[in-house]
2 protein chains.
Amino acid sequence: MDDVTAAALSKIPIFNGLEPDVLDKIASHAHQNTYKKGKILFIHGDIAEHYYIVKSGHVKLFRETLDGTQTVIDVLSENDIFGHSLLFEDNRYPSSAEIAQTGVIISLPLSDLREEMYKNNDIAVNLLRAITLQLNHKDRELEHRFTQSATQRIGCFLLRQALKDKTGRPVITLPYDKMLLAARLGMQPETFSRALSRLKKKTGMKIEGACIHLDTLDRLSTYTCSSCSVKFPCKDLINKS
Amino acid sequence: MDDVTAAALSKIPIFNGLEPDVLDKIASHAHQNTYKKGKILFIHGDIAEHYYIVKSGHVKLFRETLDGTQTVIDVLSENDIFGHSLLFEDNRYPSSAEIAQTGVIISLPLSDLREEMYKNNDIAVNLLRAITLQLNHKDRELEHRFTQSATQRIGCFLLRQALKDKTGRPVITLPYDKMLLAARLGMQPETFSRALSRLKKKTGMKIEGACIHLDTLDRLSTYTCSSCSVKFPCKDLINKS
DNA sequence: CGAGAAGTTGAGCGGCATCAATTGTAGTGG
DNA sequence: CCACTACAATTGATGCCGCTCAACTTCTCG
């Protein structure tokens, strides 16, 4: 349990442009901690008391049904924030959170955010900006699940990953293991494996473990984006939170 | 193009608890209009200048891919609000809106809301409340699409409709036609038809056009909710926006 | 009453899940 | 350092759910 500096927080979008004293106050109640893979941060239905920022590693948000089936809602990476949408509601987490890859997580009390939001319009507006963005992403997600094939969903993910790394960079690194990626994209590991090798044939990319090499994104994008409502260099889709 | 009274607006959640003068100002820029079925309010990609409130009828929000496939994002009913999540972004509508059933729609300028949001923290907080709710609903939607069968998705919709009408009321009325409902639930009309009759066999309900009679919700809920992460009387799911 | 759309029903098919077997890989302890 | 174990990843066989195409019936409305 280490302390967190205001400077570290100031990089997070929802704390943009805040007065130093506000930032200090928020930072004074923040704690950061290293969690190992497999650690459960909270379970669906728990009373929500904190929201979190991922400093490193990955966090899986998911929900389980009575029969044990697990749906992955999202997988979060560096500087992503989660739990901040529980300002109202009945204050129970709508999903469970598990550390998917060992890393550092900052936890902050929701009560602070709630209090601040009523007093400080900047925070309210920042939150609004973050959450409307998220909402739009969810809509896209829904469209993709519906219109794209498993193979296209992988291609779409790879393209956005490539755009995020560096524009047109021909080396894509899978950010986490394939099982998690498959779950994140709403398919079985077996399907993922088969779909990836189909993509390989169709686009001529070379796969070496977690590294994927390709000469140009063209073949990938024409195959993938044919059944999407957004024209290819879909820059508005690459940033989250 | 008729004028809108402040009293009419005060019923909408995002305008809750506002000062009368603010409400008057907002109302003074609002217009209501009757639109016929099939009318397109805006198209995906248009510059967003208004947000809307449904006073009657139904509105279909959807997106189209290059190959013409249409994904229904949502279907809105009385007192639902849409377009209010475009306060930031590049100000383009992320989906198209079409009148699915003739009705009265109020349109309001987004610029007002944007301006007011910065000045008036109550509005910002109200918006935040509305949009976090929406976000949580989208998560559920995504889960349902993934874990439930087509038949269960219909059952789930019927249950929430029943809860919305009156607790445990054994008569459910389909709010709009079956083609639209099928699209809303992410399936083809043929699949809907078959799934509904399967549901009829499994739960013993009686279907007469848009009216569905059943003695108790028990059989329906046990069949439907077995693959859901929320225990049955899922009251938090019945209200939107 | 007729035209066109909504809704139903049947036949066939394809994508993805499931089950099962095998290989690859990373972490553990002797 | 290597053998052992556990899990990740791949590959094959099979089956089911929902999509597609097509024909037919029912409903709605001018």
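Just so it is clear, the values below take in all heavy atoms, side chains as well, and ignore hydrogens, waters and symmetry mates. Letters A, B, ... mirror the listed sequences (proteins, then strands); counts begin at 1.
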inquiry  = Reading DNA chain D in the 5' to 3' direction, which nucleotide is the first one with an atom under 4.0 Å from a heavy atom of chain A, and which is the last?
reply    =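 So the outermost contacting nucleotides come out as D/dA8 to D/dA13.
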
Which value, rounded to the nearest 0.5 Å, describes the distance between [X] atom [atom1] and [Y] atom [atom2]?
X        : Y        : atom1 : atom2 : value
A/Leu185 : A/Arg145 : CG    : CZ    : 7.0 Å
B/Cys228 : B/His144 : SG    : NE2   : 3.5 Å
A/Phe62  : A/Arg184 : CZ    : CZ    : 15.5 Å

Would you tabulate the nitrogen or oxygen pairs shorter than 3.5 Å linking the protein to nucleotides 5-7 of chain C?
{"from": "C/dG7", "atom 1": "OP1", "to": "B/Lys178", "atom 2": "N", "distance (Å)": "3.2"}
{"from": "C/dG7", "atom 1": "OP2", "to": "B/Lys178", "atom 2": "N", "distance (Å)": "3.4"}
{"from": "C/dG7", "atom 1": "OP2", "to": "B/Met179", "atom 2": "N", "distance (Å)": "2.9"}

key: Listed once per pair and sorted, the side chain to side chain donor-acceptor pair (under 3.5 Å) pairs that draw on residues 187-208 of chain B, sequence neighbours left out   =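 The answer is B/Thr151-B/Arg198.
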
Could you go over nucleotides 16-18 of chain C and give all protein N or O partners under 3.5 Å, atom names and distances?
{"from": "C/dC16", "atom 1": "OP1", "to": "A/Ala150", "atom 2": "N", "distance (Å)": "2.8"}
{"from": "C/dA17", "atom 1": "OP2", "to": "A/Gln188", "atom 2": "N", "distance (Å)": "3.4"}
{"from": "C/dA17", "atom 1": "OP2", "to": "A/Thr191", "atom 2": "OG1", "distance (Å)": "2.3"}
{"from": "C/dT18", "atom 1": "O4", "to": "A/Arg194", "atom 2": "NH2", "distance (Å)": "3.1"}

message = Run A/Gln134 and A/His84 through side chain to side chain contact (heavy atoms under 4.5 Å, CB included) and show every step you take.
response = CA-CA 11 Å; A/Gln134 269 184 285; A/His84 59 303; 3.1 Å; yes

ask   = Taking the side chain as C-beta and beyond, is there a heavy-atom pair between A/Tyr93 and A/Ile43 under 4.5 Å?
value =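 No, every pair of side-chain atoms sits at 4.5 Å or beyond.
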
ask   = Taking only residues two or more places apart in sequence or in another chain, which ones pass side chain to side chain donor-acceptor pair (under 3.5 Å) with A/His58?
value =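 Once residues adjacent in sequence are excluded, the partners of A/His58 under the side chain to side chain donor-acceptor pair (under 3.5 Å) criterion are A/Ser77.
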
Candidate pair A/Arg140 and B/Arg63, rule side chain to side chain contact (heavy atoms under 4.5 Å, CB included), full reasoning = CA-CA 9 Å; A/Arg140 292 276 158 73; B/Arg63 211 176 284 155; 3.5 Å; yes

request  = Output every pair passing ring-ring contact (aromatic ring centres under 6.0 Å, His included) with a member in residues 193-218 of chain A, not counting sequence neighbours, ordered by first then second residue.
outcome  =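 Sorted pair list comes back empty.
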
ask   = Using the ring of each side chain (for Trp, its six-membered ring), is A/Phe82 parallel, tilted or perpendicular to A/Tyr52, with breaks at 30° and 60°?
value =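 Because their plane-to-plane angle is under 30°, the rings of A/Phe82 and A/Tyr52 count as parallel.
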
